[in-house]
Amino acid sequence: MNTPFDITLLARKNVRQLTPYQSARRLGGNGSVWLNANEYPTAPDFTFNEKNLNRYPECQPVNVINRYAAYAGVQPEQVLVSRGADEAIELLIRAFCEPGKDAVLYCPPTYGMYSVSAETFGVEQRVVPALADWEPDVKAIASQLDNVKLIYLCSPNNPTGNIVDPSLIREVLALAKDKAIVAIDEAYIEFCPQASLVTWLKEYPNLVILRTLSKAFALAGLRCGFALANSPVIELLLKVIAPYPLSTPVADIAAQALTDQGIEAMKQRVTEIVRNRTYLADALKNLPNVEQVYCSETNYILVKFTDADCVFRSLWEQGIILRDQQRQYGLAGCLRISIGTRQECDSVITAIKNRQTANV
């Protein structure tokens, strides 16, 4: 009997060896309280209005581009809309990095898609761990810039929740001048709008800012993100983007979300989440198995437990799904908790307290 051919041998070696990004949905779970994906806890109310589904959509829907430009304070030619910020992360690699020649640099602990995207395209990963306070190690970055074409910095950072010191970002931009693109991932910027670097685009031709409607706009299921940059960068990204990246329903709902009414609703959600974040953080600080609740400028908090494995497993079994971050650099004992409704926050607190009582 002939041995069946192993079809995986046809795949690229780096893809065969690739560990895919473990998104919240890939990790599964049978939960009733989902606090592992930094989503808004309840669904916004939108109505699909378009009827011309027989036609291909615009590559860059004019309404979405114009409204996001107005919201972000940039010109329409400085905006590219994509299938979530994740697609923009990949577009930057496709446009600027030669596989087998160039490198991408990032600073863990941080968002895992920078690594996965670089590996997928066969681009070297230059890893410069963050300092103990989770700020970028600029001195180490300076020593690792040979062949680096693209630097990712996430601010506020996922999963730590901290804003990166702007003075350090300026240092990185200076180091990268005429050498590399610096992409600042502002997926959570609506929770701290004062920290946005969008006004820096006038000063730095190599700066790109990544945004999304998934978090404060409560549209994670829509998959709509943005790259903000000077027009020469946007023109390059448009060369490598798919012909029709946004479906008609996505473009329709995104445009609705970016009206004055939609933006005001987003701001009200932010106020609610910040209030619940403070409530949850204060309650957790009083629990004996909590070593530290880290400051956050996002819709989640990072918490260090003395018994993180047990807490994660116990809440998982009760249908409360958190995000285990212990495999990330420097995050031993840490779980990330998305901020849900007040009732969901209470569920987390009660479940942890009950577990401790049961173990006494």
Side-chain angles (χ1 to χ4, degrees), residues 8-23 26 80 82-130 136-138 140-155 157-159 164 169 171-187 204-212 223 225-230 232-243 245 327-329:
T8 63
L9 295 175
L10 297 178
R12 292 159 50 204
K13 181 179 179 181
N14 64 305
V15 173
R16 294 200 303 270
Q17 297 175 343
L18 176 68
T19 300
Y21 179 72
Q22 295 300 307
S23 67
R26 276 195 173 190
L80 177 136
S82 59
R83 289 168 288 195
D86 289 333
E87 183 178 32
I89 289 169
E90 292 198 349
L91 291 174
L92 288 168
I93 296 174
R94 291 170 62 185
F96 291 99
C97 298
E98 292 276 1
K101 177 183 176 183
D102 297 325
V104 165
L105 186 149
Y106 56 92
C107 305
T110 194
Y111 184 42
M113 279 304 296
Y114 312 141
S115 170
V116 171
S117 295
E119 179 67 23
T120 299
F121 287 104
V123 172
E124 180 189 349
Q125 301 171 58
R126 204 69 56 78
V127 180
V128 179
D137 187 341
V138 177
I141 289 173
S143 70
Q144 294 290 322
L145 286 180
D146 288 347
N147 301 322
V148 168
K149 280 284 194 71
L150 181 56
I151 300 169
Y152 289 108
L153 293 174
C154 189
S155 182
N157 188 41
N158 177 14
V164 177
I169 296 178
E171 291 185 40
V172 173
L173 281 161
L175 289 169
K177 183 180 179 181
D178 301 328
K179 298 177 183 177
I181 297 293
V182 178
I184 307 299
D185 190 339
E186 291 189 348
Y204 297 103
N206 61 331
L207 174 62
V208 177
I209 293 174
L210 305 178
R211 297 279 192 86
T212 184
R223 308 308 303 130
F226 300 89
L228 309 179
N230 289 295
V233 174
I234 298 299
E235 289 167 9
L236 288 168
L237 297 181
L238 285 170
K239 288 187 175 184
V240 295
I241 199 169
R327 294 184 180 181
Q328 282 248 41
Y329 173 85

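Please read all numbers here as calculations on a predicted model, not as lab measurements. Along the sequence shown, residues carry numbers from 1.
The CD1 atom of I184 lies 9.0 Å from the CD1 atom of I151; values are rounded to the nearest 0.5 Å. Atoms CG and CZ, from L150 and F96 in turn, are 8.0 Å apart once rounded to the nearest 0.5 Å. To the nearest 0.5 Å, atom CG of residue N206 and atom CG of residue D178 are 7.5 Å apart. Atoms OG and CD, from S117 and Q125 in turn, are 9.5 Å apart once rounded to the nearest 0.5 Å. Note that the CG atom of D86 and the CE atom of M113 stand 5.0 Å from one another [nearest 0.5 Å]. Rounding to the nearest 0.5 angstrom, the gap separating the CD atom in E171 from the CD1 atom in I141 is 9.5 Å.
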(message) Apply side-chain contact (heavy atoms from CB on, under 4.5 Å) to residues Y329 and V127 and explain how you reach the verdict.
(response) CA-CA 11 Å; Y329 173 85; V127 180; over 6 Å; no
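Judged purely by atom type and a 3.5 angstrom limit, S82 uses its side chain to pair as donor or acceptor with the backbone of G84. A donor-acceptor pair under 3.5 Å is absent between the side-chain atoms of R126 and the main chain of N147, judged by distance alone. Judged by distance alone, with hydrogens and angles left aside, the side-chain atoms of R211 form no donor-acceptor pair with the main-chain N or O of L228 at under 3.5 Å. Looking only at distances, a side-chain donor or acceptor of Q328 sits under 3.5 Å from a matching main-chain atom of T110.
Residues satisfying the side chain to side chain contact (heavy atoms under 4.5 Å, CB included) criterion with R94, sequence neighbours excluded, are L91, F121, V240. When the side chain to side chain contact (heavy atoms under 4.5 Å, CB included) test is applied to D102, the partners found at least two apart in sequence or on another chain are C97, E98, K149. In this structure, the side chain to side chain contact (heavy atoms under 4.5 Å, CB included) partners of A140, at least two apart in sequence or on a different chain, are V128, D137. With sequence neighbours left out, the side chain to side chain contact (heavy atoms under 4.5 Å, CB included) criterion links E235 to S231. Every residue meeting the ring pair (Phe, Tyr, Trp, His ring centres under 6.0 Å) condition with F226, not counting sequence neighbours, appears here in chain and number order: Y68. Every residue two or more places apart in sequence or in another chain was checked for a salt bridge (charged side-chain N to carboxylate O under 4.0 Å, His left out) with E90, and none qualifies.
Ring orientation note: the planes of Y152 and Y114 are close to parallel, at an angle under 30° on the 30°/60° scale.
In terms of heavy-atom proximity, R16 sits nearest to A11 at NH1-O, 2.6 Å. The minimum heavy-atom distance between A227 and L237, with the atom names listed, is CB-CD1, 4.2 Å. Contact detail for V233 and P205: the closest heavy-atom pair is CG2-O, 3.9 Å.
Across L153, T212, L210, a single residue satisfies side-chain contact (heavy atoms from CB on, under 4.5 Å) together with D185, and that is L210.
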